[in-house]
Amino acid sequence: MSTLYLFASAAEPVFDIARVIEDAQADGWDVCLGLTPTAARWLAGSLDGLAVLTGHPVRWDYGLPGEPDVWPEASAVLVAPATFTLVNQWALGIADKFVVGVVAEGIGKGLPMVAVPCLNAAYAQHPQFERSLETLHGAGVSVLYGEDGFPPGPSAGFPWRSALDAVRERVTVG
């Protein structure tokens, strides 16, 4: 079974994460859930249940040096919802958060990765955001954004199914 690292940051679609895990499992993935610290705080009451659902501890912080990794090795990574902060930190290599550190390393490891940014229209106008998207594209990350993914601002329905399909395609195509 292939392992999907599902990484989510604090944006409203994170509240659908249990259903997304179930959908990914139905697609044949062994899912490991990683959250930004704020997303972990938002889901604090659900973390134990999410760990049971995935069969792995939910992670949002780095382990201590010398501790064994509690997750199997990733076959692919889906970063969704990816906030303005997460996208920019990832592109700039600012790996102070567990999730950002893993995806920054994932670029170097050549892991198939898909990101679905979720941000408001004002953040989307910031000049660093476009540069960050270009950096991630250039590093081989599939970014589902705008007309090809999730547009900035209020929008009906986060494209979870499209995101999972894009991950499967990245793994299949290589």
Verify side chain to side chain contact (heavy atoms under 4.5 Å, CB included) between Thr36 and Gln89, making sure each step is shown before the conclusion. CA-CA 12 Å; Thr36 62; Gln89 286 183 330; over 6 Å; no
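- Here the side chain of Thr3 pairs no donor or acceptor atom with the backbone of Ala74 at under 3.5 angstrom.
- Residue Val103 is grouped with residue Tyr62 when hydrophobic side chains (ILVMFWY) are merged at heavy-atom distances under 4.5 angstrom, including chains of intermediate members.
- For Gln128, the side chain to side chain donor-acceptor pair (under 3.5 Å) partners two or more places apart in sequence, or in a different chain, are Arg131, Ser132.
- Between the side chain of Ser9 and the backbone N or O of Pro81 there is at least one donor-acceptor pair closer than 3.5 Å.
- With rounding to the nearest 0.5 angstrom, the CZ atom of Phe129 is 11.5 Å from the OH atom of Tyr123.
- Using a 4.5 Å heavy-atom cutoff, the side chains of Leu47 and Leu35 are in contact.
- The distance from the CG atom of Asp16 to the CD atom of Glu22 is 11.5 Å, given to the nearest 0.5 Å.
- Partners of Ala139 by side-chain contact (heavy atoms from CB on, under 4.5 Å), not counting sequence neighbours, listed by chain and number: Ile107.
- Side chain of Asp27 to main chain of Trp29: no donor-acceptor pair is present (N/O by atom type, distance under 3.5 Å, no hydrogens or angles).
- Closest approach of Ile17 to Ala80, counting heavy atoms only: CD1-O, 4.5 Å.
- Counting heavy atoms from C-beta on, the side chains of Leu119 and His126 never come closer than 4.5 Å.
- Taking both residues in full, the closest heavy atoms of Ala11 and Thr83 are given as CB-CG2, 4.1 Å, listed atom of the first, atom of the second, then distance.
- In the hydrophobic clustering of ILVMFWY residues, with side-chain heavy atoms under 4.5 Å counting as a link, Phe15 and Trp60 come out together.
- The shortest non-hydrogen separation linking Asn120 to Ala122 is OD1-N, 3.0 Å.
- Under the rule for a side chain to side chain donor-acceptor pair (under 3.5 Å), the partners of Arg59 that lie at least two apart in sequence or sit in another chain are Asp69.
- When atom types are taken as modelled, the side chain of Tyr5 and the backbone of Leu78 share no donor-acceptor pair closer than 3.5 angstrom.
- The CG atom of Asn88 sits 9.5 Å away from the OG1 atom of Thr135 when rounded to the nearest 0.5 Å.
- Atom CG of Asp165 has more than 12 neighbouring heavy atoms from other residues, nucleotides or ligands inside a 6.0 Å radius.
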Are Phe158 and Val14 close enough, and set up right, to give a side chain to side chain contact (heavy atoms under 4.5 Å, CB included), and what steps lead you there? CA-CA 10 Å; Phe158 193 75; Val14 77; over 6 Å; no
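- Scanning all heavy atoms of the two residues, the minimum distance from Trp90 to Ala115 falls at CZ3-CB, 3.6 Å.
- Put simply, the side chain of Gln25 reaches to within 4.5 Å of the side chain of Val31, judged on heavy atoms.
- Interatomic distance, CG of Leu33 versus CG of Leu53, reported as 9.0 Å (0.5 Å rounding).
- The main-chain N or O of Cys118 is never found under 3.5 Å from a side-chain atom of Glu12 such that the two would form a donor-acceptor pair.
- The CD1 atom of Ile21 sits 6.0 Å away from the CG atom of Leu6 when rounded to the nearest 0.5 Å.
- A 4.5 Å side-chain heavy-atom check between Met113 and Leu136 finds every atom pair outside the cut-off.
- The OG atom of Ser75 lies 13.5 Å from the CZ atom of Arg170; values are rounded to the nearest 0.5 Å.
- Here the side chain of Trp71 pairs a donor or acceptor atom with the backbone of Pro57 at under 3.5 angstrom.
- Using a 4.5 Å cut-off on side-chain heavy atoms (C-beta onward), Arg161 and Leu164 make contact.
- Here the side chains of Val102 and Phe7 are in contact, with some heavy-atom distance below 4.5 Å.
- Val70 places none of its side-chain heavy atoms less than 4.5 Å from the side chain of His56.
- A heavy-atom distance below 4.5 Å is not found between the side chains of Pro159 and Leu144.
- Across all their heavy atoms, Val116 and Ala163 have their closest contact at CG2-CB, 3.7 Å.
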